[in-house]
**Q** 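Here it is: the structure, laid out below.
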Amino acid sequence: MAKYIFITGGVISSLGKGIATASIAKILESAGFRVSLIKFDPYLNVDPGTMNPYQHGEVYVTHDGAETDLDLGHYERFTNARLGRINNVTTGQIYSTVLARERKGDYLGKTIQVIPHITNEIKDRIKAVAKETKAEIILMEVGGTVGDIESLPFLEAARQFGLEEGRANALYIHLTLVPYIRAADEIKTKPTQHSVGTLREIGIQPDILLCRTEKPLNDEVKSKISLFCNVPQNAVIEALDVSSIYEIPLIFKNQGLDKIILKHFGLKARHSDLNHWQEKVVDKVLYPKHKTTIAVVGKYIELQDAYKSIYEALRHGGIANDCLVEIKKIDSETIELEGPQKMLSGVSGVLVPGGFGYRGIEGKIKAIQYARENNLPFFGICLGMQCAAIEFARNCLKIKRANSTEFVKHTKEPVISLLEEQRKIKQMGATMRLGEYPCRLLKGTLAYQAYGKADIYERHRHRYEFNNRYRGALVKKGMVFSGIYPKKNLVEILELKGHPWFVGVQFHPEFQSKPNKAHPLFAEFIKASMLFAARRGP
Ligand code: GLN
């Protein structure tokens, strides 16, 4: 029988609940338990796939093609859990299911209500994950902050779940903020007391508190929190600000969080090994030998979360090379205004990430041209790869009007265009090429060298494809199509002959990178950028 952990957040959002959840999963996994995770998102969208990055940040894609919350990215980066569609549950999904059932008449004349019908559906989803994954411990993060109206049904379901499964099989962890007030030189526990109070009003007594703080909490503060929140003092865990998110599992473990959780469940650690994580991840992040600077040229640069997995994968590439990766975030529209030279002359690699729509495209194309002409390592991802194809067609084949039909619908030179099957689709949600597809690599290419094998699987999220009509002409001028989706003969990877490292991929390798297992293309890209910097000299 599985054990269940519910993780809620209090006081304010952005306390790092996703990373805390991933870190707890990590320490339990390292104690020898099979874990799975669920993110509950209280919004009405069925999935975040239709949301603007300004609303939501990155859309994370699972192997089975679900468009999910970016917290699933943290979960997969920290643990070995393989997550899919069932691991992200939104209010939109819950209501769609319940309403479809109501229309079918499955409720046999009953009035359909939030309690019990919505809460039952939430609980059924939890049980479905337990059944399907056979995980021993399931961690569930409830999105939003305690006190929000929209997350109430999830919290009510969490409360009922503990009652029905038995309190010994369910555990409640609350992440809260313990602010330091500079003017008074004091740490304040009142917001935590209030937020735990709100949780108790709806019937949930937290077992453990994770206290996010910028100053260490002394025993006096911990005992006050313990007393007022009715949580044993050893279960008041300090979550001090750290320089790398990958330190957090260690910080939790050092305070005995794994032991407290396992004791609650009556479980014994089978082994306990975070040394590898300490040595191969955290120490490499904190004390790197080398340094390189990579420009990420995108359109949502001012948002922290829009390219989350890309930024993390770059850091992983750094870890693999004992190298600190400094990321220079560049708005592609500034490159349109200022030119690439000024913005890119100091960097040792350029990455153009995925995206949608025409805004900023010309700046990305200029950046790619600059990287190509200056032997600067270039990594294009999804839209970035499409832009690389357009740039090459425009500047090396003199097809001046080369474009994507995404930007100019009836362009005369559709180097990037829709497949027939995509053209027929009218609905927006979940209709892109999504999830894992196989790709066959060509021997003797950078891609083959990176992966070290011919057959790979990568995750996709796009509508448009490279137009095979242009393949021959581009090959003649030195482009190499090093990865192909064999079944449909679609271009998945392009490279350039004679350039030290120029790789564009139609898929999203960043979703499969982990701190202790960097994605091979990111590792090679960082290595190439270090070589570039060494050649250029100080
Ligand atoms: N907009 C492009 C497409 O739909 C690229 C998508 C992406 O970069 N994720 O094909």
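Below, each value reflects all heavy atoms present in this structure, side chains not excepted, and no hydrogens, waters or symmetry copies. Here the structure is a predicted model, which is why all the values come from computation and not from measurement. Every number for a ligand or one of its atoms is a count from 1 in the order of the listing.
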**Q** Please list, in number order, the atoms of ligand 1 under 4.0 Å from a heavy atom of His508.
**A**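 It comes down to these atoms of ligand 1: 9 (N).
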**Q** Heavy-atom contacts with Glu406 under 4.0 Å: which atoms of ligand 1 show up? List them by number with element.
**A** 1 (N), 2 (C), 3 (C)
**Q** Let's go through Tyr60 and Glu76 carefully: what are the C-alpha distance in whole Å and the side-chain angles of both, what is the deciding distance for side chain to side chain donor-acceptor pair (under 3.5 Å) to 0.1 Å, and is it a yes or a no?
**A** CA-CA 11 Å; Tyr60 186 77; Glu76 284 203 326; 2.6 Å; yes
**Q** Does the pair Lys291/Glu326 count as a salt bridge with the N-to-O cut at 4.0 Å?
**A**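 So Lys291 pairs with Glu326 through a salt bridge.
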**Q** Would you indicate which of Ser417, Gly384, Pro353, Cys382 comes nearest to atom 7 (C) of ligand 1 when only heavy atoms are counted?
**A**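 When every heavy atom of Ser417, Gly384, Pro353, Cys382 is considered, Cys382 comes closest to atom 7 (C) of ligand 1.
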**Q** Can you report which non-hydrogen protein atom sits closest to atom 10 (O) of ligand 1, along with the distance?
**A** Tyr464 N, 2.8 Å
**Q** Give the residue, atom name and distance (to 0.1 Å) of the protein heavy atom nearest atom 4 (O) of ligand 1.
**A**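 Here the nearest protein heavy atom works out to Arg463 N, 3.0 Å.
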**Q** Any nitrogen or oxygen of Leu383, main chain or side chain, under 3.5 Å from a nitrogen or oxygen of ligand 1?
**A**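 It does: an N or O of Leu383 is found under 3.5 Å from an N or O of ligand 1.
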**Q** With the threshold set at 4.0 Å, does a side-chain nitrogen-carboxylate oxygen contact exist between Lys453 and Asp455?
**A**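 Salt bridge between Lys453 and Asp455, a charged N being under 4.0 Å from a carboxylate O: no.
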**Q** What do you reckon, does Gln386 put a non-hydrogen atom under 4.0 Å from ligand 1?
**A**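 Gln386: in contact with ligand 1 (<4.0 Å).
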**Q** Tell me, which protein residue and heavy-atom name are nearest atom 5 (C) of ligand 1, and how many Å apart are they?
**A** Gly355 O, 3.3 Å
**Q** Relative to the heavy atoms of His462, which atoms of ligand 1 are at a distance of less than 4.0 Å?
**A** 3 (C), 4 (O), 6 (C), 10 (O)
**Q** Holding to side chain to side chain contact (heavy atoms under 4.5 Å, CB included), I want the full list of residues that pass it with Glu362, two or more places apart in sequence or in another chain.
**A** Glu336, Tyr358, Ile365, Arg394
**Q** Could you tell me whether Lys329 sits above the aromatic face of Tyr311, with NZ or CZ closer than 6.0 angstrom to the six-membered ring centre and within 45 degrees of the axis?
**A**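 The answer is yes; both the distance and angle limits are met.
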**Q** Does Glu465 pair with Arg433 as a salt bridge, N-O distance under 4.0 Å?
**A**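 Result for this pair is yes, salt bridge flagged.
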**Q** Tell me, with the steps shown, if Thr68 and Thr62 meet side chain to side chain donor-acceptor pair (under 3.5 Å).
**A** CA-CA 7 Å; Thr68 70; Thr62 53; 5.7 Å; no
**Q** Just which atoms of ligand 1 are under 4.0 Å from any heavy atom in Gly354?
**A**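 Listed by number with element, the hits are 8 (O).
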**Q** Within the 4.5 Å heavy-atom criterion, are Leu490 and Tyr437 side-chain neighbours or not?
**A**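 When only atoms from C-beta onward are counted, Tyr437 and Leu490 do not touch, as no gap falls below 4.5 Å.
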**Q** Measure Arg461 to ligand 1 on non-hydrogen atoms and call it side chain, backbone, both or neither using the 4.0 Å cut-off.
**A** backbone
